[in-house]
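All ligand and atom numbering here is 1-based and tracks the order in the structure. Reckoned from all heavy atoms, side chains included, excluding hydrogens, waters and symmetry mates.
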Amino acid sequence: MVSKSKPAPAKNASTSKKAPETRGNGDELHQQAGGSHPALTTNEGGIVSDNQNSLKVGERGPVLLEDFVLREKITHFDHERIPERIVHARGSAAHGYFELTKSLKKHTTARILTEVGEKTPVFVRFSTVAGGAGSVDTPRDVRGFAVKFYTKEGNWDLVGNNIPVFFIQDAMKFPDLVHAVKMEPDRGFPQAATAHDTFWDFISLSPESIHMIMWAMSDRTIPRSLRMMEGFGVHSFRLVDADGKSTFVKFHWRPKLGLQSTVWDEAVKLAGADPDFHRRDLFEAIQGGQHPEWELGVQLFTEEDAAAFPFDHLDATKLIPEELVPVKIVGRMVLDRWPDNFFAETEQVAFCPSHIVPGIDFSNDPLLQGRLFSYLDTQLSRLGSPNFAQLPINAPKCPFANQQRDGHMQHHVPKGRVAYEPSSLQGDSPREDTRRGLRSFPAQEQGQRGRIRAESFADHYSQARLFFRSQTPFEQAHMASALVFELSKVETPHVREAMVGHFRHVDETLARRVADGLALDTLPPAPPANAPVIDMPPSPALQIIGKMKRTLEGRTVGILIDDGSDGAAIAKVRKAVESAGAVVKIVAPKLGGAKLADGKRLAANGQLAGTPSVNFDAVAVVLSSEAAAKLKSESAAIDFLRDAFGHLKAIALDEGGRQLFDTAGLVADDGVFGTKSVDAFVNGAKTRYFAREAKVRMLA
Ligand code: HDE
């Protein structure tokens with residue numbers, strides 16, 4: 001006999017406090033008999049009597065085609081996926097608000113930049129670039145940083161990255177760049193990685209990419225958390241004031257928690273330990289009330305200022321050093337609400353750099369100009385209809401009206417006869433407004449038509465040199481090692497050699513370190529440079545280590561315990577860590593926790609085998625001698641300490657912890673503390689121990 005019994009209704013697992021949407025009027029007819037759950041219905045509202053069994057002839061007979069309930073359910077399921085983004089497919093997003101702290105009234109009419117204290121809702125999506133939607137969170141990759149401001153004057157999308165420059169100067173090259181970085185078309189790998197032949201082949205033949213390559217090989221592309229990244233609008237935009245005067249602007253986001261990155265070995269291990277590391281981190285921070293926050297900064301400059309720069313600001317492979325044009329902080333952005341539904345919001349959000357508001361305008365950056373076309377175009381294939389703007393996540397939160405009509409999935413039901421303009425038949429049909437409307441800056445443009453690359457875009461190496469020479473020695477070593485790692489995955493010798501040739505223009509010592517790491521006997525020749533390479537004064541603002549904040553805020557400390565651990569020592573560490581603004585997670589061989597020395601059981605947040613120390617910013621190990629002896633033969637416990645040490649983290653140890661530390665063959669340094677000196681540990685955990693690195697790995 002086939003069972004017709006129904007499983008108990010699952011508890012609503014939604015994180016939202018709102019009641020699940022009932023889609024319908026929720027009238028008495030549609031209440032489940034005798035319960036508080038709404039009745040399960042078809043899309044047409046018909047109440048479903050059996051959601052477990054399809055309609056059959058007899059118990060073991062064929063299923064009937066007339067089972068429209070089954071067909072509707074399966075058909076909908078078959079069409080659940082939409083095309084993932086061609087780039088930036090893997091992303092995580094959150095809601096929040098932007099608040100202006102300093103008015104830019106002198107420069108723009110855009111209300112969002114003139115009304116101090118006004119809060120504007122935002123939706124922010126962070127992403128990796130190269131991998132598919134299901135790829136891991138921690139590959140070496142640029143991160144997208146896209147902000148949709150729902151302003152009172154319409155939506156403004158600032159679609160940026162966590163790096164202030166880009167690989168190419170002209171949109172014409174974008175499909176080539178992306179084809180080169182994505183998995184190779186004949187073999188279908190590697191996923192989410194630049195470390196392969198086609199990427200480096202393209203780069204070796206595109207010297208304009210070398211500056212961006214310096215950034216991509218720095219620790220900027222292996223961030224510790226999405227909450228600890230900077231963001232950049234990249235291109236120059238224009239601010240336009242009430243008199244029509246324009247000022248150029250570059251936008252910057254500064255994380256309140258400071259910049260922080262992982263080390264490469266940690267990023268690689270995180271990919272296995274938690275493929276969703278960044279998404280989970282953002283989710284847990286927001287759900288836990290630690291709302292991530294950024295400052296908005298602007299670099300403002302005039303056409304005349306720009307003429308004096310030793311580079312062209314319209315070239316997206318160049319940045320404007322802060323020493324040349326300071327970054328003024330004008331606002332703050334807080335992310336305080338996780339989306340209710342991943343697909344409806346994070347997947348369906350459609351960012352377009354062409355979405356601006358009056359008072360903001362574009363520059364002639366040829367990369368930006370290409371983007372103004374691309375994003376609208378891609379939404380049509382991704383979301384399937386020009387009506388994507390009507391989706392709740394995309395719709396403006398200010399009034400909007402026009403004569404655009406119909407199309408797939410039209411949600412609006414416009415009233416009246418008039419769907420055109422000019423018209424005289426309907427008093428309430430929308431009209432243009434020359435006073436308040438979007439206006440383009442009336443720049444004078446002239447010149448010869450042609451497929452031309454500006455002379456002023458010719459210098460590809462000076463800013464690459466500026467970036468490399470501005471880094472601390474630790475960061476330079478990470479960059480050289482990243483290059484050796486990446487190029488060691490390249491099978492074609494001439495591609496590796498061509499890259500080393502380019503580095504000779506950046507910095508001869510860098511080229512030598514990479515050549516040495518690849519075991520090249522001679523330094524390949526440098527290719528001819530199109531323009532003389534100039535030395536600019538180093539810019540410490542380009543470092544990460546220099547911009548790390550000494551803080552434990554927003555960080556996580558893991559405490560490894562087992563049966564017999566000292567409860568008082570654990571409590572002391574927890575208290576000190578929590579009062580420094582960090583979260584504590586207990587790790588034990590068994591999830592149910594451990595029976596402490598005082599007989600009480602302490603539950604764990606993670607089982608040791610599945611919770612390695614890469615999950616944490618610092619660790620404490622509190623163990624009885626017996627447990628330490630037992631864990632000597634548990635590689636997860638040994639690796640817990642070895643990795644924490646190797647990833648340059650602070651470590652606190654009690655007696656038993658110290659025994660395990662010795663078993664792991666580690667030698668204490670100034671980043672290793674006793675659990676008795678909790679304050680020293682908490683203070684020490686606010687940073688990483690870069691000087692330790694020379695003891696744990698051979699860097700290029
Ligand atoms: Fe994008 N980019 N891009 N890009 N980009 C897309 O739009 C494109 C560029 C950036 O979270 C696509 O909706 C071209 C620079 C972010 O939904 C696509 C060019 C910067 C996101 C597209 C660039 C970015 C995208 C893919 C060269 C930093 C994710 C799906 C002219 C300033 C937005 C989509 C999100 C997404 C095209 C270069 C940032 C195909 C043609 C430079 C953050 O339209």
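Heavy-atom separations between Q379 and ligand 1 include at least one value shorter than 4.0 Å. Residue contact check for ligand 1: F373 places no non-hydrogen atom closer than 4.0 Å to it.
Residue T378 has no N or O atom closer than 3.5 Å to an N or O atom of ligand 1. In terms of N/O distances under 3.5 Å, ligand 1 is not approached by N161. For the pair S127 and ligand 1, the shortest N or O to N or O distance does not fall below 3.5 Å.
Between the side chains of Q290 and E284, no donor-acceptor pair is found at a separation under 3.5 Å. A donor-acceptor contact closer than 3.5 angstrom is absent between the side chains of R405 and H412. T128 and R90 share no side-chain donor-acceptor pair at under 3.5 Å.
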side-chain contact (heavy atoms from CB on, under 4.5 Å) evaluation trace for D197 with F199: CA-CA 6 Å; D197 284 55; F199 177 72; over 6 Å; no
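Residue contact annotation: Y375 places an N/O/S atom under 2.8 Å from atom 1 (Fe) of ligand 1.
Within ligand 1, counting atoms from 1 as listed, the ones closer than 4.0 Å to a heavy atom of H88 are 5 (N), 10 (C), 16 (C), 21 (C), 25 (C), 29 (C), 36 (C), 39 (C), 43 (C). Near F174, meaning under 4.0 Å from any of its heavy atoms, are these atoms of ligand 1: 3 (N), 8 (C), 14 (C), 19 (C), 23 (C), 27 (C), 37 (C), 38 (C), 41 (C).
You'll find the ring centres of F167 and W215 outside the 6.0 Å limit. Aromatic rings from H278 and F126 are positioned such that their centres are separated by 6.0 Å or more.
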